[in-house]
Protein chains: 2
Amino acid sequence: MTDPVPHRTENCLKISQVLSRIGDKWSVLIIMSLRSRTMRFSELKRGIDGISQRMLTLTLRNLERDGLVTRTVTPSIPPRVDYELTPMGHSLAEPVEALGTWAFQHIDRIAGAQARYDSEEL
Amino acid sequence: MTDPVPHRTENCLKISQVLSRIGDKWSVLIIMSLRSRTMRFSELKRGIDGISQRMLTLTLRNLERDGLVTRTVTPSIPPRVDYELTPMGHSLAEPVEALGTWAFQHIDRIAGAQARYDSEEL
DNA sequence: CAGTATCCGACATGATACTG
DNA sequence: CAGTATCATGTCGGATACTG
């Protein structure tokens with residue numbers, strides 16, 4: 001793998017800021033949902049299990065602020081708002097997906113390790 | 001990129017659990033620190049800027065519980081405890097690094113987007 | 001439909017002090 | 001050295017009600 005970025009503290013700090021954003025509970029789910037196509041607010045809400053209206057709004061605003069998502073308002077009645085990944089958002093989706101694939105492949109092993117750990121400690 | 005894992009809600013939930021762990025403020029820094037070599041508790045503490053003793057302990061415990069890190073105690077005076085990435089920990093480090101590389105490459109663009117967003121809204 | 005506003009409790013985290 | 005214990009605080013996020 002290419003490793004052009006040494007893990008100096010300075011770099012890691014910046015990186016962890018970005019990871020904090022995408023690492024929060026909902027950002028990744030939203031990004032993954034928008035990967036295939038533009039979606040409306042209500043579609044996202046229905047598609048992402050358990051997200052509250054408040055958190056969907058806040059997370060979308062943050063993603064928009066970061067330039068990862070565009071928000072397009074169509075003034076009609078009822079109003080319509082579409083969210084779409086920017087090119088940068090799409091490029092982020094790739095390494096996120098890689099991480100997701102890893103997570104999926106190792107979930108069982110992790111669960112096993114946790115069970116073992118929990119059983120031998122108390 | 002291979003995409004063997006469809007982003008079904010079920011999978012995404014599992015994935016987001018893992019992302020929550022590695023997405024927290026310190027786990028990634030620890031994993032990256034341990035990538036090159038085994039380190040003692042105090043070495044990690046010195047190497048990771050701003051981490052408190054408490055959070056280092058807690059995060060290491062979680063990583064150990066997940067099977068990502070091993071903890072080796074050498075009963076001596078003073079005591080010595082070494083932390084090391086497991087093979088699974090090393091395999092996680094790869095996609096994390098990819099994400100880190102992405103973050104590093106896009107940090108400026110993100111900062112710019114934020115500045116623009118903040119200036120036009122108030 | 002797509003939000004905003006408010007309240008409130010749970011948890012995460014830092015600071016500090018103490019220990020084998 | 002490598003923790004543990006306790007306390008204080010601040011943020012996150014859910015529930016609920018209201019609005020253009």
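All of these numbers come straight from a predicted model, not from anything done at the bench. Chain A is the first sequence line, chain B the second, and so forth, proteins listed ahead of strands; every chain is numbered from 1.
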Visitor: Starting from the 5' end of DNA chain C, give me the residue, L58(B) or Q53(B), whose nearest nucleotide shows up first.
Guide: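 Nearest nucleotide further toward 5': that of L58(B).
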Visitor: Considering heavy-atom distances to DNA chain D, does F41(B) or G50(A) have its closest nucleotide positioned more toward the 5' end?
Guide: F41(B)
Visitor: Taking the side chain as every heavy atom from C-beta outward, state whether R80(B) and F41(B) have any pair of such atoms under 4.5 Å apart.
Guide: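 Heavy-atom side-chain distance check fails, nothing below 4.5 Å.
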Visitor: Assigning hydrophobic clusters by single linkage (Ile, Leu, Val, Met, Phe, Trp, Tyr; side-chain heavy-atom cutoff under 4.5 Å), is V73(A) placed with L44(A)?
Guide: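 Yes, V73(A) and L44(A) fall within the same hydrophobic cluster.
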Visitor: Output yes when D118(B) and R116(B) qualify as a salt bridge under the 4.0 Å nitrogen-oxygen rule, no when they do not.
Guide: no
Visitor: Once you round it to whole Å, what is the distance between C1' of dG3(C) and CD1 of I51(A)?
Guide: 14 Å
Visitor: Between S91(A) and H106(B), is there a side-chain heavy-atom distance shorter than 4.5 Å?
Guide: yes
Visitor: May I ask you to say whether E43(A) pairs ionically with R37(A), meaning some side-chain N is under 4.0 Å from a carboxylate O?
Guide: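 A salt bridge links E43(A) with R37(A).
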Visitor: With DNA chain D as reference, determine whether R61(B) or R46(B) sits nearer its 5' end, using the nearest nucleotide of each.
Guide: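 Nearer the 5' end of the strand: R46(B).
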Visitor: Whole angstroms only, please: what is the CE-C1' distance between M39(B) and dA2(D)?
Guide: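 M39(B) atom CE is separated from dA2(D) atom C1' by 15 Å.
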Visitor: Note down the inter-axis angle between the two ends of the helix from dC1(C)-dG20(D) to dG20(C)-dC1(D), five pairs each, to the nearest 10°.
Guide: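 End axes: 50° apart.
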Visitor: Would you indicate, yes or no, if dA2(C) has its OP1 or OP2 atom less than 4.0 angstrom from a side-chain nitrogen or oxygen of S42(A)?
Guide: yes
Visitor: Heavy atoms, side chains only, cut-off 4.5 Å: are V69(A) and E84(A) in contact?
Guide: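 They are not in contact (no side-chain heavy atoms under 4.5 Å apart), so the answer is no.
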Visitor: Counting any heavy atom closer than 4.0 Å, what does K45(A) reach on the DNA or RNA strands: base, sugar-phosphate only, or nothing?
Guide: nothing
Visitor: Look at the side-chain N and O atoms of Y83(B) and state whether any lies under 4.0 Å from the OP1 or OP2 oxygen of dC1(D).
Guide: no
Visitor: Provide a list of protein-nucleic acid N or O atom pairs under 3.5 angstrom, restricted to nucleotides 6-12 of chain C.
Guide:
none

Visitor: Cut-off 3.5 Å, side chains only: do D24(A) and S27(A) have a donor facing an acceptor?
Guide: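 Present: a donor and an acceptor within the cut-off.
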Visitor: Report yes if a side-chain nitrogen or oxygen of R40(B) is closer than 4.0 Å to either non-bridging phosphate oxygen (OP1 or OP2) of dA2(D); otherwise report no.
Guide: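 Yes, within the criterion.
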Visitor: Answer whether the closest heavy-atom distance between the side chains of L56(A) and W26(A) falls below 4.5 Å.
Guide: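 No. Closest side-chain heavy atoms not under 4.5 Å.
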Visitor: Charged N to carboxylate O below 4.0 Å: is that the case for R35(A) and E97(A)?
Guide: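 Salt bridge present between R35(A) and E97(A).
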